[in-house]
Protein chains: 2
Amino acid sequence: MKVNQHIKVAVDAVVFGYTGNELELLLIQQKYGSEKNKWALPGGFLKDEEDLQTGVARELNEETGVNPNYLEQLFTFGSINRDPRGRVISVSYMALINPKNYVLKAATDASDAKWFSIKELPPLAYDHPEIVKKGLERLKSKIHYQPIGFELLNKEFPFSDLEKLYQTILDKSIDRRNFRKKMLSFGVLEETDKSYKPSSGRPAKLFKFNKRKYNELEEKGFHFEIKFA
Amino acid sequence: MKVNQHIKVAVDAVVFGYTGNELELLLIQQKYGSEKNKWALPGGFLKDEEDLQTGVARELNEETGVNPNYLEQLFTFGSINRDPRGRVISVSYMALINPKNYVLKAATDASDAKWFSIKELPPLAYDHPEIVKKGLERLKSKIHYQPIGFELLNKEFPFSDLEKLYQTILDKSIDRRNFRKKMLSFGVLEETDKSYKPSSGRPAKLFKFNKRKYNELEEKGFHFEIKFA
DNA sequence: ATACAATGTGTGTGTTTTACACAAAAGTAA
DNA sequence: TTACTTTTGTGTAAAACACACACATTGTAT
């Protein structure tokens with residue numbers, strides 16, 4: 001194939017985590033290069049023999065040690081000068097993980113991985129602010145019509161966690177009663193027999209998301225959709 | 001920048017048009033190459049010095065003569081073997097145009113452009129069926145919450161056109177009264193003083209979409225959203 | 001003038017969304 | 001043991017919205 005093209009293809013990941021208080025973003029520190037000491041999204045150049053999603057997953061694992069089970073393509077960024085090193089287009093992905101499930105890789109020679117509150121991000125390299133913005137938008141909108149919030153929580157969680165998660169992501173308060181009513185009405189949450197004891201106050205039942213049931217319902221035309229005042 | 005990568009970047013466009021009866025897709029015939037005589041999405045390799053959207057727009061114009069004013073990135077396809085000629089990733093776009101505004105470029109040595117009903121597509125090259133599918137999904141879902149339907153109609157149109165457009169795209173019938181009521185309730189349609197005479201029956205007022213007003217309302221938190229029984 | 005074809009319009013009913021407050025279950029401190 | 005604090009768990013009434021549904025109007029063609 002004769003094409004005279006000198007464009008490199010990179011993949012980058014916007015990885016969200018939730019701690020119970022804050023929405024967080026996973027970043028790595030650039031130790032070398034023109035953007036030294038800035039922070040960047042995990043990512044890197046795609047290999048000739050791997051497909052896009054495999055590529056991000058690999059880079060993510062190499063650079064931070066995490067292996068998300070939710071990974072979704074976001075957008076492809078291709079402005080001519082987005083990377084001062086040359087023409088690079090970046091296929092970006094959004095990943096959701098529960099930070100508790102991983103210990104971040106310690107600093108390697110290439111990078112140092114760390115969680116940052118989405119509200120206090122350090123200076124980011126390249127056009128990564130734009131990519132993060134796209135990720136946030138996607139997360140905020142998708143959480144309304146896809147049950148992706150559960151990817152950020154423990155397998156079993158008290159209702160209040162789910163509620164706080166939504167409030168944190170959407171950055172607004174929601175009515176507890178209406179939220180619970182609506183969520184439960186979908187019939188995709190299962191009450192477990194366990195309960196969780198908060199540091200003070202009444203213990204809460206633990207719930208879990210029943211993915212099988214969700215898939216079943218979805219086949220039948222059901223749509224997860226949650227809105228707020 | 002030293003990266004040993006041999007991946008080419010292409011851009012492809014899923015171009016939808018509406019004739020008043022059918023949703024149509026703009027395709028070009030492959031005259032050479034391994035996929036000779038199949039039809040393909042307009043598109044081609046990205047140039048080193050153009051950004052993605054510029055690239056699709058250029059290819060689209062070169063190959064078919066159309067210049068869409070609605071162009072939106074869809075998805076990036078990157079399976080390893082999607083193109084038998086080598087490793088090529090394709091950044092796909094969706095375009096909406098009113099076919100009446102253009103005369104398709106006659107057959108050039110490279111290709112022959114033609115509209116096909118979405119219901120009777122010829123065999124498509126590469127993974128283009130998958131790309132088309134993505135485009136259709138996007139169109140179907142986006143038409144519910146973004147005023148993109150107007151891009152497919154004349155500037156001034158009878159209400160029935162809009163209605164038929166929605167029915168065609170969504171492939172289901174909708175209640176005329178409720179649809180009209182809801183659409184008008186947004187306050188983004190303007191009644192003109194002109195009217196349109198159908199071949200038979202009562203003449204219809206012509207409406208036009210007021211984009212400025214839509215943008216204003218959107219700023220204030222308004223959301224275009226239309227659903228059906 | 002009559003038949004035909006498409007446009008234009010309102011209301012009642014059911015469903016969904018919203019707003020809102022108090023009791024129950026634990027732990028802790030007097 | 002009692003009372004205080006904290007968090008969970010729950011119902012109802014009003015408002016907004018979605019849905020189903022039918023007939024008069026305005027033009028053309030015969």
Side-chain angles (χ1 to χ4, degrees), chain A residues 19-21 143-145 153-154 156-168 170 172-208 217 221-229, chain B residues 19-21 143-145 149 153-154 156-168 170 172-208 217 220-229:
Chain A
T19 55
N21 286 308
I143 204 177
H144 289 288
Y145 61 91
L153 299 177
N154 294 333
E156 307 193 335
F157 52 87
F159 224 98
S160 57
D161 272 16
L162 188 58
E163 190 193 311
K164 271 190 286 178
L165 173 68
Y166 270 79
Q167 294 189 128
T168 304
L170 298 175
K172 66 176 166 189
S173 68
I174 59 189
D175 183 276
R176 207 154 50 89
R177 271 181 290 189
N178 292 337
F179 178 77
R180 184 178 181 124
K181 206 188 312 173
K182 185 78 198 208
M183 267 293 178
L184 289 175
S185 75
F186 297 143
V188 297
L189 288 188
E190 254 171 35
E191 193 175 323
T192 70
D193 51 358
K194 293 169 212 152
S195 71
Y196 157 81
K197 303 212 195 298
S199 52
S200 88
R202 175 176 176 172
K205 301 173 198 161
L206 291 180
F207 288 83
K208 63 178 173 186
L217 289 172
F222 159 81
H223 284 284
F224 183 96
E225 186 169 12
I226 190 153
K227 292 198 192 151
F228 313 103
Chain B
T19 55
N21 286 309
I143 205 177
H144 288 288
Y145 61 92
L153 300 177
N154 294 333
E156 307 194 334
F157 52 86
F159 224 98
S160 55
D161 272 16
L162 189 58
E163 191 193 310
K164 271 190 286 178
L165 174 68
Y166 270 78
Q167 295 188 127
T168 305
L170 298 175
K172 65 178 167 188
S173 68
I174 58 189
D175 184 277
R176 208 154 50 90
R177 273 180 290 190
N178 292 336
F179 178 77
R180 184 177 180 125
K181 206 187 312 174
K182 185 79 197 204
M183 266 295 177
L184 289 174
S185 76
F186 297 143
V188 297
L189 288 188
E190 254 172 36
E191 191 176 325
T192 69
D193 50 358
K194 294 170 214 154
S195 70
Y196 157 81
K197 304 213 195 297
S199 53
S200 86
R202 176 177 175 173
K205 301 173 199 161
L206 291 179
F207 288 82
K208 62 179 174 186
L217 289 172
K220 293 177 196 153
F222 159 82
H223 284 284
F224 183 95
E225 186 170 11
I226 190 154
K227 292 197 192 154
F228 313 102

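These numbers come from the heavy atoms of this one structure, side chains and all, not from hydrogens, waters or symmetry mates. Lettering follows sequence order; numbering is per chain, from 1.
Taking both residues in full, the closest heavy atoms of Lys164(A) and Gly20(A) are given as NZ-O, 4.0 Å, listed atom of the first, atom of the second, then distance. In terms of heavy-atom proximity, Met183(A) sits nearest to Phe159(A) at CB-CZ, 3.6 Å.
The base of dT11(C) lies close enough to the side chain of Lys181(B) for a donor and an acceptor atom to sit less than 3.5 Å apart.
Distances shorter than 4.0 Å separate some side-chain N or O of Lys182(A) from OP1 or OP2 on dT17(C). Regarding contacts with the backbone of dA25(C), every side-chain N or O of Lys205(A) stays at 4.0 angstrom or more from both OP1 and OP2.
At whole-Å resolution of the value, CZ in Arg176(B) and P in dC19(D) are 18 Å apart. In this structure, CZ of Arg177(B) is placed 12 Å from C1' of dG12(C), rounded to the nearest angstrom. Summarising the geometry, the separation between CZ on Phe186(A) and C1' on dT17(C) is reported as 13 Å, rounded to the nearest angstrom. If you measure from atom CD of Glu191(A) to atom C1' of dT8(D), you get 12 Å, rounded to the nearest angstrom. Computed from coordinates, the Leu206(A) CG to dT8(D) P distance equals 11 Å when rounded to whole Å. When the P atom of dT7(D) is taken as reference, atom OH of Tyr196(A) falls 10 Å away, rounded to whole Å. Rounded to an integer number of Å, the gap from CG of Leu162(B) to C1' of dG8(C) is 15 Å. Taking atom CZ of residue Phe179(B) and atom C1' of nucleotide dG8(C), one finds them 15 Å apart after rounding to whole Å.
In this structure, the separation between CD on Glu156(A) and CG on Asp193(A) is 8.0 Å, given to the nearest 0.5 Å. Note: Asn154(A) CG to Phe207(A) CZ = 15.0 Å, rounded to the nearest 0.5 Å.
Judged by distance alone, the side chain of Glu163(B) and the main-chain N or O of Arg180(B) form no donor-acceptor pair under 3.5 Å.
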Under 3.5 Å, sequence neighbours excluded: what are the donor-acceptor pairs made by side chains of residues 185-192 of chain B?
residue, atom, partner, partner atom, Å
Ser185(B), OG, Lys182(B), O, 2.5
Glu190(B), OE2, Asn210(B), ND2, 2.6
Thr192(B), OG1, Lys194(B), N, 3.2
Thr192(B), OG1, Leu206(B), O, 2.8

task: Mind running side chain to side chain contact (heavy atoms under 4.5 Å, CB included) on Tyr166(B) and Ile226(B) for me, showing each step along the way?
output: CA-CA 10 Å; Tyr166(B) 270 78; Ile226(B) 190 154; 3.9 Å; yes
Please tabulate the protein-to-nucleotide N/O contacts below 3.5 Å involving nucleotides 26-30 of chain D, giving atom names and distances.
residue, atom, partner, partner atom, Å
dT26(D), O4', Arg202(B), NE, 3.3

